[in-house]
Amino acid sequence: MLIPHDTRIALDTVVDLVNTAPEEDAGDGLADLTALYAFAERHLISGVGTLGDKDLRAVTDVRSRFAEIFAAPDARTAADLVNSLVAAAGTTPQLTDHDGYDWHVHYFAPDASIADHLAADCGMALAFIVVAGEQERLRRCEAPDCRDAFVDLSRNRSRRYCSSRTCGNRLHVAAYRARRREAAG
């Protein structure tokens, strides 16, 4: 699947955003404004300006809506969720070539809030996945103690874990050790 650079960046951003949601064993990755500023800096989100509690609440709402898209049972449901999210963000597609990047499309207005910025850019990246008929690539890790989101960009759509180095390796080692115990016993 051929994915343009800016779409890949937006997909990485949406995955990281969804994975900041609080879980049973982990706190909220966007618990305060400091965490929101760090998220914006980590993902090079331009034009952030001064953020307040209203921005934090809006971003966590967008995060919840992205999580719903990852959980959508079919492409129609995912498309309806993406359409609603992107429309609410007031998309304004514009070609831009800022900060040393070649031409790419921004889907948000220049003065958009960080929540609208994320909803528009990341929502459109998810829209491209749905349009390509690849909604099943929006997945959750299959490790029993991890439910992190990821986009399966493997050639044959076979990725099962958010990270082969952590979750995948841990489960493979556990299975190997169980086989060894069974063979020894």
Side-chain angles (χ1 to χ4, degrees), residues 3 6-73 77-78 80-82 84-86 88-90 106-108 112-127 129-130 135-154 159-175 177-178:
I3 298 177
D6 55 323
T7 301
R8 176 59 197 251
I9 289 171
L11 289 172
D12 290 344
T13 302
V14 73
V15 163
D16 192 28
L17 180 61
V18 169
N19 290 337
T20 65
E23 295 286 331
E24 291 176 13
D25 59 342
D28 191 338
L30 291 179
D32 55 31
L33 289 173
T34 302
L36 182 57
Y37 276 113
F39 180 88
E41 185 177 318
R42 187 168 60 251
H43 291 283
L44 304 175
I45 298 173
S46 58
V48 170
T50 302
L51 299 174
D53 289 334
K54 180 180 174 184
D55 295 300
L56 182 59
R57 284 190 303 276
V59 170
T60 57
D61 179 58
V62 167
R63 174 181 69 187
S64 297
R65 296 180 75 190
F66 283 141
E68 290 176 28
I69 295 166
F70 272 80
T77 304
D80 289 345
L81 291 166
V82 169
S84 172
L85 182 67
V86 170
H106 279 186
Y107 294 95
F108 54 91
S113 69
I114 187 170
D116 285 345
H117 178 136
L118 290 167
D121 259 10
C122 297
M124 288 305 299
L126 293 173
I129 295 292
V130 174
Q135 186 249 336
E136 74 277 358
R137 290 182 182 270
L138 304 178
R139 297 201 175 150
R140 292 288 186 157
C141 184
E142 291 182 22
D145 58 341
C146 180
R147 295 297 300 144
D148 277 357
F150 67 94
V151 179
D152 179 6
L153 297 178
S154 67
R159 189 169 156 198
R160 298 175 50 207
Y161 307 111
C162 62
S163 170
S164 59
R165 280 187 256 156
T166 55
C167 290
N169 190 47
R170 188 177 66 249
L171 289 173
H172 288 115
V173 168
R177 288 179 180 159

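Here the structure is a predicted model, which means the values were calculated and not measured. Just so you know, residue 1 is the first one in the sequence shown, and it goes up from there. Heavy atoms only: backbone and side chains are in, while hydrogens, waters and symmetry mates are out.
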What is the distance from atom CG of D80 to atom CD of E68, rounded to the nearest 0.5 Å?
12.0 Å

Sequence neighbours excluded, which residues qualify as salt bridge (Lys or Arg N to Asp or Glu O under 4.0 Å) partners of R65?
none

Closest non-hydrogen contact found for V48 with I45 is CG2-O, 3.2 Å

Look at the side chain of R140 and the backbone N and O of F150, then say whether any donor-acceptor pair between them is shorter than 3.5 Å.
no

Look only at the side chain of R139 and the backbone of D152, and say whether a donor-acceptor pair between them is shorter than 3.5 Å.
no

CD1 on I9 to SG on C122, rounded to 0.5 Å
10.5 Å

Ring pair (Phe, Tyr, Trp, His ring centres under 6.0 Å) filter on F108, not counting sequence neighbours, yields H106, H117

Worked check of side-chain contact (heavy atoms from CB on, under 4.5 Å) between V18 and I69
CA-CA 10 Å; V18 169; I69 295 166; over 6 Å; no

Please report the interatomic distance OG1(T13) to CG(D121), rounded to the nearest 0.5 Å.
8.5 Å

Checking Y37 side chain against L51 main chain: does a donor-acceptor pair fall under 3.5 Å?
yes

Here the salt bridge (Lys or Arg N to Asp or Glu O under 4.0 Å) pairs for residues 11-22, sequence neighbours left out, are R8-D12, D16-R42

Would you name the heavy atoms of V86 and M124 that are closest together and state the gap between them?
CG1-SD, 3.9 Å

Considering non-hydrogen atoms only, spot the tightest contact between R159 and S154 and give its length.
N-OG, 3.6 Å

Closest approach of A72 to Q135 (non-hydrogen atoms, all atoms of both residues)
O-NE2, 3.0 Å

Separation between CG (L118) and CZ (F39), nearest 0.5 Å, reads 5.5 Å

Can you check whether Y107 reaches D116 side chain to side chain, under 4.5 Å on heavy atoms?
no

For the residue pair L30 and L56, what are the closest heavy atoms and their distance?
O-CD1, 3.4 Å

Using a 3.5 Å distance criterion without hydrogens, assess whether the side chain of T60 forms a donor-acceptor pair with backbone atoms of R57.
yes

Here the gap from L126 atom CG to L11 atom CG, rounded to the nearest 0.5 Å, amounts to 6.0 Å

Please give me the minimum heavy-atom distance between A125 and A10, naming the atom from each residue.
CB-CB, 3.6 Å

SG (C167) and CD (E142) are apart, to the nearest 0.5 Å, by 11.0 Å

